[in-house]
2 protein chains.
Amino acid sequence: MLKGIILNNENYQAGISIDCVIFGFHDNQLKVLLIKTPYENKWSLPGGFVPIHEDIDTAAVTVLNERTGMQGIFLRQFATFGRVKRNDRHFGKAVLDHFKIPEEAGKWFTQRFVTIGYYALVDFLKAVPHKGNTQEIIEWIDHKEVPELILDHKEILDKALHTLRIELNLMPVGYNLLPEKFTIPELQKLYETILDKKLDRRNFLRKITNIGILNKLDEKKSNVAHKAPNLYTFDKEKYEEVLKNGLNQGW
Amino acid sequence: MLKGIILNNENYQAGISIDCVIFGFHDNQLKVLLIKTPYENKWSLPGGFVPIHEDIDTAAVTVLNERTGMQGIFLRQFATFGRVKRNDRHFGKAVLDHFKIPEEAGKWFTQRFVTIGYYALVDFLKAVPHKGNTQEIIEWIDHKEVPELILDHKEILDKALHTLRIELNLMPVGYNLLPEKFTIPELQKLYETILDKKLDRRNFLRKITNIGILNKLDEKKSNVAHKAPNLYTFDKEKYEEVLKNGLNQGW
DNA sequence: TTACATTGCGTCAAAATAACACACATACCC
DNA sequence: GGGTATGTGTGTTATTTTGACGCAATGTAA
């Protein structure tokens, strides 16, 4: 991807980039999709540039799709980052040398980039991490064990998680993070993981079912070393409705 | 301002702009500060460009300060707009002709601009609308009577108001919109105006005082044709604390 | 068959919310 | 000065939501 851009700067909007915080849920962990490039020793968020003839939202969809093969997924813009020094020293000598970019073309990269942050919620099992090139490493990493990231990507990730936590009170979450059939305890674990706190089982059940977005199935989870929990699906229609109208009214 | 930029494109980040939705409160109306430029017949949000050596947040502060003379005010980034065609046709012939901009320099303007939206809450009486030049018109306009705006500025304004409404449940509002001393009914009017719905007087009082950000003064408002309402101030310290920690916890 | 872990359902007190009643203060009218 | 209109301060009550638990039921593993 970077190579294509280097060959054709003029097809991309200068000074603007997209960064995606892609969340997945697995093993009771909230995971983030991260990339390690060959030309440096740090991890980064999957990102991209904005083609001149594409909306920024579309460019974000492209990034997500390139990396996970997924479409039609929950993807939301949450903030834009534009400190002067944010990509100072980056796309510096190491990167430019690696790609053998001449100094003149390099200026395109060394200018300050304003990056637009998006976060996505995807089904861990359906989203298959996809390398941009053979030298790249792309991996799901537990959000609690995120290594050092380039630039201000840690800040971006933190802000994404913070936004997600707040939006948990305004919208239902789960449809995009869980498999089609799931149990209430699984859904609760998801909430607990995102919020990083324990919730009461019984109160959670009551609150979540009261929203009216769950369909209880005539089916139980098997192969569990205890009472088999019931399986549920989301009522897509009601889910979308609640997503649109919001949960808490407050005032 | 535009002229300065035209003379010195290279001092500003290409393709990025700032737009501010500046809210004030007066006569029980939520007002928005709008600008009418001489070279076109529509109104627009106050905005500006981003100096190469300035953070985007700083650039937003500059816009706000230029237009209201105010500093240290509530100013928050809420969304970034970057549809391909958003400034299509704008900064078009009319504008370029007006400023006698040569075609080559004009390209700087006719490219797609990604604009970062900020909204501000300011004290209507302290914020004095300030023209950018003598031909400009700048005015407080009731948000319910906003005329046709350029580009996607209406969309930006709507999104700002929508964000404000949601954030009303997460944070206290009023410190930046009301004079130092105010009455509970005035504060309630502010909430009602923002939310565009009636609230119960007595329940509002209970809820707002329970937050613990108000100081009741030993003073009453005078010159009212009814029982004189008590005056209050915000407890700045507690207010800031609640602003930081948020109101509703939800889950 | 029993022990164990975890689920499903229910209870109860406390807190928050919604709906409403009444007394009070000030200006204005007559 | 008495009555009226308007809008304020305070209180009451029923309802709903929340938080903190108890306990029986269920499936696996020993």
Side-chain angles (χ1 to χ4, degrees), chain A residues 27-28 168-172 174 178-179 181-193 195-233 242 245-251, chain B residues 27-28 168-172 174 178-179 181-193 195-233 242 245-251:
Chain A
D27 279 343
N28 291 341
L168 216 54
N169 293 317
L170 307 173
M171 67 185 193
L178 294 175
K181 296 177 184 179
F182 57 90
T183 68
I184 298 288
E186 280 165 1
L187 183 56
Q188 182 179 338
K189 291 271 166 45
L190 170 61
Y191 271 72
E192 290 181 338
T193 306
L195 295 169
D196 196 27
K197 77 174 171 198
K198 279 256 150 222
L199 301 175
D200 183 278
R201 228 163 31 85
R202 297 147 282 188
N203 294 336
F204 180 81
L205 172 66
R206 184 183 39 195
K207 215 169 155 181
I208 205 80
T209 49
N210 275 349
I211 300 176
I213 52 172
L214 296 178
N215 286 328
K216 188 172 182 174
L217 301 179
D218 253 352
E219 208 176 331
K220 287 173 193 300
K221 185 145 188 162
S222 50
N223 281 327
V224 280
H226 50 75
K227 176 170 180 177
N230 224 297
L231 285 171
Y232 286 78
T233 57
V242 176
N245 298 333
L247 279 173
N248 280 340
Q249 296 308 343
W251 300 95
Chain B
D27 279 344
N28 291 341
L168 216 53
N169 293 317
L170 307 173
M171 66 185 195
L178 294 176
K181 296 178 185 180
F182 56 91
T183 68
I184 298 288
E186 279 164 3
L187 183 56
Q188 181 179 340
K189 291 269 165 48
L190 171 61
Y191 271 73
E192 290 181 338
T193 306
L195 295 169
D196 196 25
K197 78 175 169 196
K198 278 255 152 223
L199 301 175
D200 184 279
R201 223 163 36 88
R202 297 148 282 191
N203 295 335
F204 179 80
L205 172 66
R206 180 156 29 89
K207 213 170 158 182
I208 205 79
T209 48
N210 275 347
I211 298 175
I213 53 173
L214 294 179
N215 286 327
K216 189 171 182 174
L217 301 179
D218 252 352
E219 209 176 330
K220 289 174 191 299
K221 185 145 185 160
S222 50
N223 281 326
V224 281
H226 49 76
K227 178 171 179 177
N230 226 298
L231 284 170
Y232 286 78
T233 57
V242 176
N245 298 333
L247 279 173
N248 279 341
Q249 296 308 343
W251 300 95

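The sequence lines fix the lettering, A, B, ..., with proteins before strands; numbering per chain opens at 1.
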Qualifying residue for side chain to side chain contact (heavy atoms under 4.5 Å, CB included) with B:V224, from B:H226, B:K227, B:K220: B:H226
Considering all heavy atoms, the nearest A:L205-A:Y232 contact: CD1-OH, 4.5 Å
5' precedence on DNA chain D between A:K221 and B:K189 (nearest-nucleotide basis): B:K189
Separation of atom NZ in A:K207 from atom P in C:dA16, rounded to whole Å: 14 Å
Touch class at under 4.0 angstrom, heavy-atom based, for B:K216 against every strand present: sugar-phosphate
Test item: A:W251 side-chain N/O and B:L168 main-chain N/O as donor-acceptor pair under 3.5 Å: yes
Contact summary for B:T209 and B:R206, nearest pair of heavy atoms: OG1-O, 3.1 Å
Between C:dA16 (P) and A:W251 (CH2): distance, integer Å: 13 Å
Validation row: A:T183, A:N230 side chains within 4.5 angstrom (heavy atoms): no
Between C1' of C:dT17 and CG of B:N248, the distance in whole Å: 12 Å
Exceeds 12 heavy-atom contacts within 6.0 angstrom, atom NZ of A:K207: yes
Spacing of A:Q188 atom CD relative to C:dG8 atom C1', expressed in whole Å: 13 Å
Separation of atom CG in B:L199 from atom P in C:dA19, rounded to whole Å: 12 Å
Value in whole Å for how far the P atom of C:dC20 lies from CG of B:D200: 9 Å
Nucleotide-resolved protein contact map, nucleotides 21-30 of chain C, B/S/- at heavy-atom distance under 4.0 Å: B--BBBS---
Verdict with supporting geometry, B:L247 and B:V242, side-chain contact (heavy atoms from CB on, under 4.5 Å): CA-CA 7 Å; B:L247 279 173; B:V242 176; 3.6 Å; yes
Distance in angstrom units between B:N203 CG and C:dA15 C1', rounded: 15 Å
Side chain proximity check, A:N169 to B:L170, heavy atoms < 4.5 angstrom: no
Sugar-phosphate, base or nothing in reach of B:N230, heavy atoms under 4.0 Å: sugar-phosphate
Leading and trailing nucleotides of DNA chain D with any atom under 4.0 Å from heavy atoms of chain B: D:dT6 to D:dG11
Nearest-angstrom distance from the residue atom OH of A:Y232 to P of C:dT7: 12 Å
Check: A:E192 side chain, A:L199 main-chain N or O, donor-acceptor pair, under 3.5 Å: yes
